[in-house]
Participant: 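Sharing a structure below in structure tokens format, with a few things to ask.
Numbers for residues simply follow the sequence, beginning at 1. Just so you know, these numbers come straight off a predicted model, no measurement behind them. Reckoned from all heavy atoms, side chains included, excluding hydrogens, waters and symmetry mates.
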Amino acid sequence: MTTGNQGKRGLALRLILLCFGLALVATACSDSGTVVDIDYPDGAVVLERVQIEDEDPLGIGGVAGTALVPAGWSLVGGPVWRHDRANLVTAEIVIESPDGLSRVEFLPIFSHTWQEAGLLGFGVGDNYLGSTVYPPVTDALQFLEELVLPAYRAGLVYNVISREPLPDAAQLIAQSIPGS
């Protein structure tokens, strides 16, 4: 594994840990069971605590965590256990608005490995010690189009209709991660 891949893997792990940390904070902030009628101002976003269940047949079952979701929105998914991957458990979660027009989707962790000299007997796309053999991808759009969409939208017919770089969002995220 190259140093660059280790750095990207570390970044992905830190982001996943941040999401789970937020879920733990939401769990710790349990209410007393008292119902309070609050008159929220127009445009206020009201969040509800929703349990994330481990329903994967390969999992351990029970409540895996909680998430804060806008009131009336649905949360589908949860932990996915992959015993053939370097990351044993990851999350596949969709949070969707009641009208279906807005959604937030959490895709699983992608674990890749690459050596310029090659890996004896393993080609691009093979599973090597739980990681997919694939050359480094430094462009986010290329990553989405070559890896994410084919892997997690397999069987669907789709067209990429627009590409919009978000340098301000990227800069904000980079500033929040020490050493990036």
Participant: For residues 102-115, which residue pairs qualify under salt bridge (charged side-chain N to carboxylate O under 4.0 Å, His left out), counting only residues two or more places apart or in two chains?
Facilitator: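 Every pair satisfying salt bridge (charged side-chain N to carboxylate O under 4.0 Å, His left out) with a residue in residues 102-115: E96-R103, R103-E105, E105-R153.
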Participant: Who passes side-chain contact (heavy atoms from CB on, under 4.5 Å) against L101, sequence neighbours left out?
Facilitator: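 In terms of side-chain contact (heavy atoms from CB on, under 4.5 Å), with neighbours along the sequence ignored, L101 is linked to D99.
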Participant: Transitively linked via ILVMFWY side-chain contacts under 4.5 Å: L119 with V124?
Facilitator: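 Same hydrophobic cluster.
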Participant: Which pair of heavy atoms, one from D126 and one from G123, lies closest together, and at what distance?
Facilitator: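 Looking at all heavy atoms of both residues, the closest pair is OD2-N, 2.7 Å.
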Participant: Do I109 and V80 sit in one hydrophobic cluster, given that two such residues count as connected whenever their side-chain heavy atoms are within less than 4.5 Å of each other, even indirectly?
Facilitator: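 As far as the 4.5 Å side-chain criterion goes, V80 and I109 are not connected within one cluster.
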Participant: Return yes if some donor-acceptor pair links the side-chain N/O of N87 with the main-chain N/O of T90 below 3.5 Å, else return no.
Facilitator: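 Here the side-chain-to-backbone pair does not exist.
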Participant: Could you tell me the separation between the OG1 atom of T113 and the CG atom of L129, rounded to the nearest 0.5 Å?
Facilitator: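 Reported to 0.5 Å precision, the distance equals 8.0 Å.
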Participant: Which atom names give the shortest non-hydrogen contact between I52 and P79, and what distance separates them?
Facilitator: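 Closest pair (atom of I52, atom of P79, distance): CG2-CD, 4.0 Å.
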Participant: Would V133 and H112 count as a side chain to side chain contact (heavy atoms under 4.5 Å, CB included) if you check the C-alpha gap in whole Å, the side-chain angles of each, and the deciding distance to 0.1 Å?
Facilitator: CA-CA 6 Å; V133 177; H112 294 96; over 6 Å; no
Participant: Which pairs pass side chain to side chain donor-acceptor pair (under 3.5 Å) with one or both residues in residues 162-173, sequence neighbours excluded?
Facilitator: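 Residue pairs passing side chain to side chain donor-acceptor pair (under 3.5 Å), neighbours aside: E145-R163.
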Participant: With clusters defined by side-chain heavy atoms of hydrophobic residues (ILVMFWY) lying less than 4.5 Å apart, directly or transitively, does L147 cluster with Y128?
Facilitator: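 Yes; L147 is reachable from Y128 via cluster members.
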Participant: Tell me if a side-chain donor or acceptor on D54 pairs with a main-chain N or O of A64 at a distance below 3.5 Å.
Facilitator: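 Checked: no pair found.
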Participant: How long is the span from the CG atom in L166 to the CG atom in L172, to the nearest 0.5 Å?
Facilitator: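 The CG atom of L166 sits 11.5 Å away from the CG atom of L172.
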Participant: Give the minimum heavy-atom separation between S131 and S111, together with the two atoms involved.
Facilitator: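 Of all heavy-atom pairs spanning S131 and S111, the closest is OG-OG, 2.8 Å.
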Participant: Do V89 and V76 share a hydrophobic cluster (ILVMFWY, side-chain heavy atoms under 4.5 Å, transitive)?
Facilitator: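 Shared cluster, no.
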Participant: Let me see the working for W81 and I60 under side chain to side chain contact (heavy atoms under 4.5 Å, CB included), right down to the final yes or no.
Facilitator: CA-CA 9 Å; W81 294 79; I60 57 175; 4.2 Å; yes
Participant: Pair R82, L88 - check side chain to side chain contact (heavy atoms under 4.5 Å, CB included), show working.
Facilitator: CA-CA 5 Å; R82 295 284 312 269; L88 180 61; over 6 Å; no
Participant: Hey, is CG on L120 packed in by over 12 heavy atoms from elsewhere, all under 6.0 Å?
Facilitator: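 Check fails, neighbour count at 12 or below.
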Participant: Please report the closest heavy-atom contact between A67 and L75, naming both atoms and the distance.
Facilitator: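 For A67 and L75, the tightest heavy-atom pair comes out as CB-CD1, 3.9 Å.
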Participant: Might you point out which heavy atoms bring Q51 and V63 nearest each other, and give the distance in Å?
Facilitator: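 For Q51 versus V63, the nearest heavy atoms are OE1-CG2, 3.6 Å.
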Participant: Are the side chains of V160 and L141 in touch, meaning some heavy atoms are under 4.5 Å apart?
Facilitator: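 In short, these two side chains do not touch, never coming nearer than 4.5 Å.
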